[in-house]
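Let me begin by presenting the structure, written as structure tokens, before commenting on it.
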Number of protein chains: 4
Amino acid sequence: MKFTKNSPIYIQIKDYIIMKILKKKWEPEKRIPSIRDLAVTLEVNPNTVMRAYSELEDDNIIYNKRGIGYFVEENALDKVIEREKEKFFEKQLPKIFKKMELLDINFAQIKKYYEKIE
Amino acid sequence: MKFTKNSPIYIQIKDYIIMKILKKKWEPEKRIPSIRDLAVTLEVNPNTVMRAYSELEDDNIIYNKRGIGYFVEENALDKVIEREKEKFFEKQLPKIFKKMELLDINFAQIKKYYEKIE
Amino acid sequence: MKFTKNSPIYIQIKDYIIMKILKKKWEPEKRIPSIRDLAVTLEVNPNTVMRAYSELEDDNIIYNKRGIGYFVEENALDKVIEREKEKFFEKQLPKIFKKMELLDINFAQIKKYYEKIE
Amino acid sequence: MKFTKNSPIYIQIKDYIIMKILKKKWEPEKRIPSIRDLAVTLEVNPNTVMRAYSELEDDNIIYNKRGIGYFVEENALDKVIEREKEKFFEKQLPKIFKKMELLDINFAQIKKYYEKIE
DNA sequence: GTGGTCTAGACCACC
DNA sequence: GTGGTCTAGACCACA
């Protein structure tokens, strides 16, 4: 996997995991790769994966069974969707609108653009 | 001016300057504040302003007349608008659309949201 | 290392690094000294080394692995040679020839001089 | 006139004047442009031209008649040629040879290049 | 451990 | 006055 240099790798790994859950590749109550394995897969230091896992554990997206591994929380999908939606509407969208105003881009242009790639 | 701690101050200063140009407060071929002056205004170390100026000079947004000061490039406004628009349509918008798809948000919702804050 | 005062130290450090690469002391894909270490070696402030490294990174001569250090780009040697050769033939040599003409120095004299120091 | 940003403007003006003398545009015992005039021609601050003139005066390349203007020294041409030749053989040429060695360029290549542009 | 950012302050060349 | 370079030293995020 290729990481951008704009944001910390552990954040990008968090996003990667959230994506897996959203896309239902990693399902509730199922075990996810061990820190070690994922570190190998992503070509990254295990500490870095560890940090991502820890934060997701704090967020109650995944949980740890000691000696066994990490698992996706039962209601992880809903929680993730809700969280991402909120972030989307509260943070990202307003930023986009502000930029549109600044650059004098109107909604019709966006729509056209949207339909084109649809 | 208040700086967020999410991104480096010198980047925020770059954005500040680009904003000035976009809003036509700082016009092409006109001299912009000296490094020292802006540093005082923004309550920041001159080195930090310098770094912002240097990078904008590399981007051909501003230029330096030795011993005199920095000036806005003649075509800076166009360049800035074009650059920001491209970034918007090529980078930000696709990201938004991808997220919409993932979160199962349709365009109507966005529009409603947009009209509300309008 | 001794620095001349004709040009900025960070430029001289860049040249120092390019020399290392040209002379194959620092090889492609190998890690180069950390900023701090080189700063100690060269008896210079870390910021100054940092500046040299940053510019060489912009030039794609070296790259950074976060938290690990700087590495020589795979094709750095070729790139450096090519770049220096181009500079030599396009910039330096014509300047020399122009000067020769102006000072009425012919090629034979140069050759003699060259053989003497050979 | 266009100035490079590699060296101070006043140095470039000195070179400009030396060129004029070498090319015999400005001849011994003849008056050269006033500081003011040259400043206008070169689109430069008079102080900058002044500095160039002063240094050339120190070098006995030009001299000043108070209230009248600056003049080229009688033996300026010889002096300039000698000085430039020395600089050429002592400074520039060795630098070139060192670079040739480093880049593995041999004399034959230079010669070929030279004959091509001849 | 690594690099990246920032400050405070100095010194210098140049215009 | 202008910018450019450099130092010393601090603090922080990241791997």
Side-chain angles (χ1 to χ4, degrees), chain A residues 3 5-13 35 39 42-52 55, chain B residues 3 5-13 31-40 42-55 57 62-71, chain C residues 3 5-13 31-40 42-55 57 62-71, chain D residues 3 5-14 35 39 42-52 54-55:
Chain A
F3 297 103
K5 27 185 15 180
N6 300 325
S7 75
I9 293 179
Y10 81 93
I11 297 279
Q12 296 181 57
I13 294 177
I35 288 181
L42 301 181
E43 294 174 305
V44 138
N45 189 302
N47 287 329
T48 311
V49 176
M50 162 89 104
R51 181 154 181 189
E55 296 208 354
Chain B
F3 295 104
K5 50 184 326 187
N6 300 326
S7 75
I9 294 180
Y10 79 92
I11 297 280
Q12 297 179 56
I13 295 178
R31 188 170 172 277
I32 68 177
S34 78
I35 288 182
R36 289 193 235 271
D37 286 353
L38 191 56
V40 170
L42 301 182
E43 294 173 305
V44 135
N45 187 289
N47 285 329
T48 309
V49 175
M50 162 95 102
R51 182 153 181 193
Y53 276 22
S54 295
E55 297 209 352
E57 189 180 16
I62 62 179
Y63 67 94
N64 177 257
K65 281 191 197 166
R66 279 180 287 178
I68 303 180
Y70 278 92
F71 295 74
Chain C
F3 295 105
K5 48 185 324 189
N6 300 326
S7 76
I9 294 179
Y10 79 91
I11 297 280
Q12 296 180 56
I13 295 178
R31 187 170 172 276
I32 67 178
S34 78
I35 288 181
R36 288 193 236 272
D37 286 352
L38 190 56
V40 171
L42 300 182
E43 294 173 304
V44 136
N45 188 289
N47 284 329
T48 309
V49 175
M50 160 94 101
R51 184 154 180 192
Y53 276 22
S54 295
E55 297 209 352
E57 189 181 17
I62 62 178
Y63 67 94
N64 177 257
K65 281 191 197 165
R66 278 180 286 179
I68 303 179
Y70 279 92
F71 295 74
Chain D
F3 296 103
K5 32 185 8 180
N6 300 324
S7 74
I9 293 179
Y10 81 94
I11 297 279
Q12 296 181 58
I13 294 177
K14 281 179 69 176
I35 288 181
L42 301 182
E43 294 173 307
V44 137
N45 190 302
N47 286 329
T48 310
V49 175
M50 163 89 104
R51 180 155 183 190
S54 297
E55 297 208 354

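A, B, ... follow the sequence lines: proteins, then strands. Residue 1 opens every chain.
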Handout entry: Closest-nucleotide 5' rank along DNA chain F - winner of A:I11 and C:I11
Key =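 In this pair, the answer is C:I11.
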
Practice task
Tell me which of C:N47 and B:R31 sits closer to the 5' end of DNA chain F, going by the nucleotide each one is nearest to.
Solution key: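 The answer here is B:R31.
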
State, to 0.1 Å, how close [X] and [Y] come at their nearest heavy-atom pair, and which atoms those are.
| X | Y | answer |
| --- | --- | --- |
| D:E55 | D:K14 | OE1-NZ, 3.0 Å |
| C:E57 | C:Y63 | CG-CA, 4.3 Å |
| A:Q12 | C:R66 | NE2-NH2, 3.9 Å |
| A:N45 | A:N47 | OD1-N, 2.8 Å |

Practice task
Starting from P on F:dC12, measure out to OH on B:Y10 and report it in whole angstrom.
Solution key: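 After rounding, the gap between these two atoms is 19 Å.
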
Handout entry: Span of DNA chain E in contact with chain B (heavy atoms, under 4.0 Å)
Key =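 Nucleotide range with atoms under 4.0 Å of chain B: E:dT5 to E:dC15.
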
Problem - First of C:I35 and B:P8 reached from the 5' end of DNA chain E, by closest nucleotide - result: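 Of the two residues, C:I35 wins.
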
Problem - First of B:I9 and C:P33 reached from the 5' end of DNA chain E, by closest nucleotide - result: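 The residue mapped nearer the 5' terminus is C:P33.
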
Problem - Non-hydrogen side-chain atoms of A:F3 and A:I13 separated by less than 4.5 Å - result: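 Counting from C-beta outward, A:F3 and A:I13 do come under 4.5 Å.
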
Handout entry: Backbone of D:I9 reached by a side-chain donor or acceptor of D:R51 within 3.5 Å
Key =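 Not a single qualifying donor-acceptor pair exists.
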
Exercise for the section: Give DNA chain F the dot-bracket treatment, 5' to 3': Watson-Crick (N1-N3 with N6-O4 or O6-N4) or G-U (N1-O2, O6-N3) under 3.5 Å, [ ] crossing, | other strand. Expected result: ||||||||||||||.

From [X] atom [atom1] to [Y] atom [atom2], the distance as rounded to the nearest 0.5 Å:
| X | Y | atom1 | atom2 | value |
| --- | --- | --- | --- | --- |
| B:S54 | B:I62 | OG | CD1 | 8.0 Å |
| C:M50 | C:R36 | CE | CZ | 9.5 Å |
| C:S7 | D:N6 | OG | CG | 11.0 Å |
| C:I32 | C:F71 | CD1 | CZ | 9.5 Å |

Handout entry: Residues in contact with DNA chain E, drawn from residues 63-70 of chain B - heavy-atom cutoff 4.0 Å
Key =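 DNA chain E contact set from residues 63-70 of chain B: B:R66, B:G67.
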
Practice task
For F:dA15, take OP1 and OP2 only and decide whether either is under 4.0 Å from a side-chain N or O of A:R51.
Solution key: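 No, outside the criterion.
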
Exercise for the section: Fit a plane to each ring of B:Y53 and B:Y70, take the angle between them on a 0 to 90° scale, and name the class: parallel (under 30°), tilted (30 to 60°) or perpendicular (over 60°). Expected result: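 Rings of B:Y53 and B:Y70: perpendicular, as their planes differ by over 60°.
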
